[in-house]
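Once you've had a glance at the structure underneath, I'll fire off some questions.
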Amino acid sequence: MCLDVFRTYGAHLVGVEMDDDGMKIDALEQALVANPNTKFIYTIPSFQNPTGRTMPFDRRQKMIEIAKKYDVIILEDDPYGAIRYAGDDVAPIKSIDDDERVIYMSTFSKILAPGLRIGWIVAEKKLVKKFTLMKQSADVHSDNLTQHIIAKFMGEYNIDDHIAKIKAVYREREGVMMDAIETYFPKGVHYSHPEGGLFIWVEVPGDINTQDLFNTCIKNDVAFVPGEPFYADKVIPGTFRLNYSNMTDEKIVTGIQRLGKAIEQTIASQKVDQGA
Ligand SMILES: Cc1ncc(COP(=O)(O)O)c(C=O)c1O
């Protein structure tokens, strides 16, 4: 995960609060004021991993303005932007970058096949030259076989047709998961309503211990990705990520039913522990 990569380079990470429209711009500005040595803003503006949230265009414009004001770079990580199955496309931040301030990145792993981990960067030439040098010292160069497979696919097939196919599958599975969540999750549990990408983000209220919830889930033969590792600093407990891209409709419904039961059990046992 990117946060771990940044940490290995000794970065000091500062989390910025989000709402249903992604990073909050006033919170971003406060973080920049409090941390004047900030080097860059890292954002996944479309169908964010892990929340599935998308930043509307006017917020993207404000982010560029703030980046200019505090003279920081924006690292726009966009692996999921092409997988929109509802609503209208929102242009990348890079598309409104008029002073080479945005480094845009994406990958074939989410639009072609998960094992094909070849990506691309759109950035100032000077920076791309540096990245090339640094990548050579990190891994010599990207795997040849994977590059050949992608080149052959791109030469012989239409990637847009393929993306249309996976979008149809994900739209269907997201709908199944959403209906199941509405049916089986206890009242008061908050969850995102993505219009694309692969993820739904769940927030269980009341200071739930995520590890206890996870253990109860495992006993019920279901699992989720705990929210903790996704936070740069301050963690919100009781949060987790669900993924609907890779399961049959039946398994999605069964999994959500088990998850709903596990959430209920964990909330009940916590109430007992607290003597409620
Ligand atoms: C936000 C984000 N960026 C980057 C990646 C990595 O993509 P890849 O390994 O294909 O470059 C992922 C997921 O794997 C991701 O969720």
Side-chain angles (χ1 to χ4, degrees), residues 1-9 11 13-16 18 21-23 28 40-55 59-60 63 73-85 89-90 92-94 102-123 127-128 131-132 134-151 153-154 159 162-163 166-167 170 173-174 192 194-202 223-233 239-247:
M1 167 190 318
C2 296
L3 300 186
D4 292 331
V5 175
F6 300 149
R7 284 190 186 105
T8 61
Y9 284 91
L13 305 180
V14 178
V16 177
M18 295 172 77
D21 288 339
M23 203 185 289
L28 172 63
F40 62 85
I41 302 163
Y42 172 72
T43 179
I44 310 164
S46 297
F47 316 125
Q48 196 231 20
N49 181 4
T51 64
R53 293 170 184 152
T54 291
M55 191 186 288
R59 215 178 256 200
R60 296 179 190 217
M63 184 179 272
I73 284 171
I74 297 174
L75 192 49
E76 179 177 22
D77 195 3
D78 189 28
Y80 308 102
I83 315 171
R84 175 179 281 282
Y85 44 69
D89 276 332
V90 184
I93 305 172
K94 183 69 187 165
V102 181
I103 300 169
Y104 177 93
M105 312 185 291
S106 192
T107 172
F108 283 98
S109 66
K110 308 296 180 288
I111 54 171
L112 188 49
L116 301 180
R117 305 202 90 110
I118 296 284
W120 62 90
I121 284 181
V122 185
L127 276 180
V128 172
F131 291 150
T132 310
M134 293 183 79
K135 192 167 182 318
Q136 276 165 2
S137 63
D139 69 354
V140 188
H141 64 79
S142 298
D143 177 58
N144 271 340
L145 178 61
T146 313
Q147 291 191 67
H148 274 296
I149 294 168
I150 292 171
F153 180 92
M154 297 296 277
I159 186 85
H162 180 72
I163 294 172
I166 60 171
K167 283 202 285 198
Y170 296 166
R173 290 184 180 164
E174 192 262 358
S192 59
E195 296 186 325
L198 311 178
F199 310 117
I200 295 173
W201 181 242
V202 183
F224 55 70
V225 178
E228 270 84 348
F230 293 105
Y231 289 94
D233 41 27
T239 53
F240 58 89
R241 188 189 80 180
L242 298 175
N243 179 316
Y244 44 80
S245 61
N246 192 30
M247 282 289 149

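Read the numbers this way: they start at 1 and go in the same order the structure lists the ligands and their atoms. Because only heavy atoms are used, hydrogens play no part in the values below, and waters and symmetry mates are left out as well, while side chains stay in. Position 1 is the first residue of the sequence; numbering continues from there.
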Consider only side-chain N and O atoms of S46 and R60, and report whether a donor and an acceptor are under 3.5 Å apart.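 Side chains of S46 and R60: pair found under 3.5 Å.
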
Check the orientation of F40 and F6. Use parallel for under 30°, tilted for 30 to 60°, and perpendicular for over 60°.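 Aromatic pair F40/F6 classed perpendicular.
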
Mind jotting down which residue pairs meet the salt bridge (charged side-chain N to carboxylate O under 4.0 Å, His left out) criterion with at least one end in residues 41-53? Sequence neighbours excluded, please.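 For residues 41-53: D20-R53, R53-E203.
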
Atom-level proximity to ligand 1, residues with heavy atom under 4.0 Å: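 Contacts of ligand 1 under 4.0 Å: Y42, I44, N49, D77, P79, Y80, T107, S109, K110, R117.
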
Return the minimal non-hydrogen interatomic distance between I118 and Q147, and the atom names on each side.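 Minimum heavy-atom separation between I118 and Q147: CD1-CG, 3.7 Å.
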
Of the non-hydrogen atoms in P194 and Y244, which two are nearest, and what is the gap between them?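 For P194 and Y244, the tightest heavy-atom pair comes out as CG-OH, 4.0 Å.
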
Measure across L198 and I83 and return the closest heavy-atom pair with its distance rounded to 0.1 Å.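 Nearest pair, atom of L198 first, then I83: CD2-CD1, 4.4 Å.
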
